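Note that the coordinates shown come from a computational prediction; the quantities given were computed from them, not determined experimentally. Along the sequence shown, residues carry numbers from 1.
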Amino acid sequence: MTDPHRLDDVEMRTWLGFVRTRDLIAAAVGRDSTKESNLTYVEYSVLAYLAEDPDQRLPFASLADKLEWSQSRLSHQITRMEKRGLVTREAIPHDARRTAARLTPRGADVLTGAAPAHVQSVRRHMTDILDRGQLAALADIYDTLLAHHRNSTAGP
């Protein structure tokens, strides 16, 4: 019988493999992003989410949810990015208590310039290392985990 208070060898290998791999790949892609485009991994992520929206604008609550951040953390990040001219803040009409972030033309240009190097880095550090079957299996695994955590109504 499995001890409910300990991970078995496969569970531990899986958990540590996920944690270590996620950290190593994110750090490598982040280093490449900073070197190639002077954008941090975080800045690239914010710009990419804004660019995906048809209006290139997202309420802070929606953007924070996509990034899985607190609104306070997002607010600080947006402040730094505003100083660089990458994004702006704007009030949401009919709701003075809410704020949105909008991609600026300069932010869009920086993202467009950074995207090819970002894709190349993701390929070099992850996708080119795996075959198509492994990629599909990993994508299915992540879909399952994300669905579980995003749809879960259970507490922590």
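Note that CD of Glu68 is 10.0 Å distant from NE2 of His149, once rounded to the nearest 0.5 Å. Distance check, rounded to the nearest 0.5 Å: CG of Leu145 to CZ of Arg150 gives 11.0 Å. The CG atom of Leu63 lies 5.5 Å from the CD1 atom of Ile78; values are rounded to the nearest 0.5 Å. Note that CG of Leu39 and CG of Leu111 are 7.5 Å apart. Values are rounded to the nearest 0.5 Å. Atom CZ of Arg6 and atom CE of Met12 lie 7.0 Å apart (nearest 0.5 Å). Of the inter-residue distances, the one linking Ile25 atom CD1 with His125 atom NE2 reads 9.0 Å to the nearest 0.5 angstrom.
Considering only heavy atoms from C-beta on, Tyr49 stays 4.5 Å or farther from Asp53 through its side chain. In this structure, the side chains of Leu86 and Arg106 come closer than 4.5 Å at one or more pairs of heavy atoms. Using a 4.5 Å heavy-atom cutoff, the side chains of Phe60 and Trp69 are not in contact. When side chains are defined from C-beta on, Leu135 counts as touching Arg132, because their heavy atoms get closer than 4.5 Å. Contact of the Arg124 side chain with the Asp32 side chain is registered, since non-hydrogen atoms from C-beta on lie closer than 4.5 Å. The side-chain heavy atoms of Ile92 and Arg57, taken from C-beta on, include a pair separated by under 4.5 Å.
Around CG of Asp9, the count of heavy atoms belonging to other residues, nucleotides or ligands within 6.0 Å does not exceed 12.
Under a hydrophobic clustering in which Ile, Leu, Val, Met, Phe, Trp and Tyr are joined whenever their side-chain heavy atoms come within less than 4.5 Å, directly or via other members, Phe18 and Leu146 fall into different clusters. When the side chains of ILVMFWY residues are joined at heavy-atom separations under 4.5 Å, either directly or via intervening members, Val122 and Ile129 end up in two distinct hydrophobic clusters.
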Worksheet item: Could you go step by step and tell me if Gln120 and Arg123 meet the side-chain hydrogen bond (donor to acceptor under 3.5 Å, both in side chains) rule?
Response: CA-CA 5 Å; Gln120 182 182 34; Arg123 286 194 170 132; over 6 Å; no
Fill in: Worked check of side-chain contact (heavy atoms from CB on, under 4.5 Å) between Leu47 and Met81
CA-CA 10 Å; Leu47 295 178; Met81 294 175 73; 3.6 Å; yes
Worksheet item: Going through the distances and angles, do Val42 and Leu67 end up as a side-chain contact (heavy atoms from CB on, under 4.5 Å)?
Response: CA-CA 9 Å; Val42 167; Leu67 292 162; over 6 Å; no
Item to complete: In sequence, state the C-alpha distance, the side-chain angles, and the governing distance for Met126 and Leu138, and then conclude on side-chain contact (heavy atoms from CB on, under 4.5 Å).
Response: CA-CA 11 Å; Met126 183 178 172; Leu138 192 56; 3.7 Å; yes
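The main-chain N or O of Val29 is never found under 3.5 Å from a side-chain atom of Ser33 such that the two would form a donor-acceptor pair. Side chain of Thr34 to main chain of Gly30: a donor-acceptor pair is present (N/O by atom type, distance under 3.5 Å, no hydrogens or angles).
Taking each heavy atom of Leu130 and Gln134 in turn, the nearest pair found is CA-OE1, 3.3 Å.
Note on ring orientation: taking the six-membered ring where Trp is involved, the planes of Tyr44 and His118 are parallel (angle under 30°, cut-offs 30° and 60°).
Side-chain N/O atoms of Thr79 and Arg89 include a donor and acceptor closer than 3.5 Å.
A salt bridge is defined here as a Lys NZ or Arg NE, NH1 or NH2 lying under 4.0 Å from an Asp or Glu carboxylate O, and Glu43 with Arg84 meets this definition.
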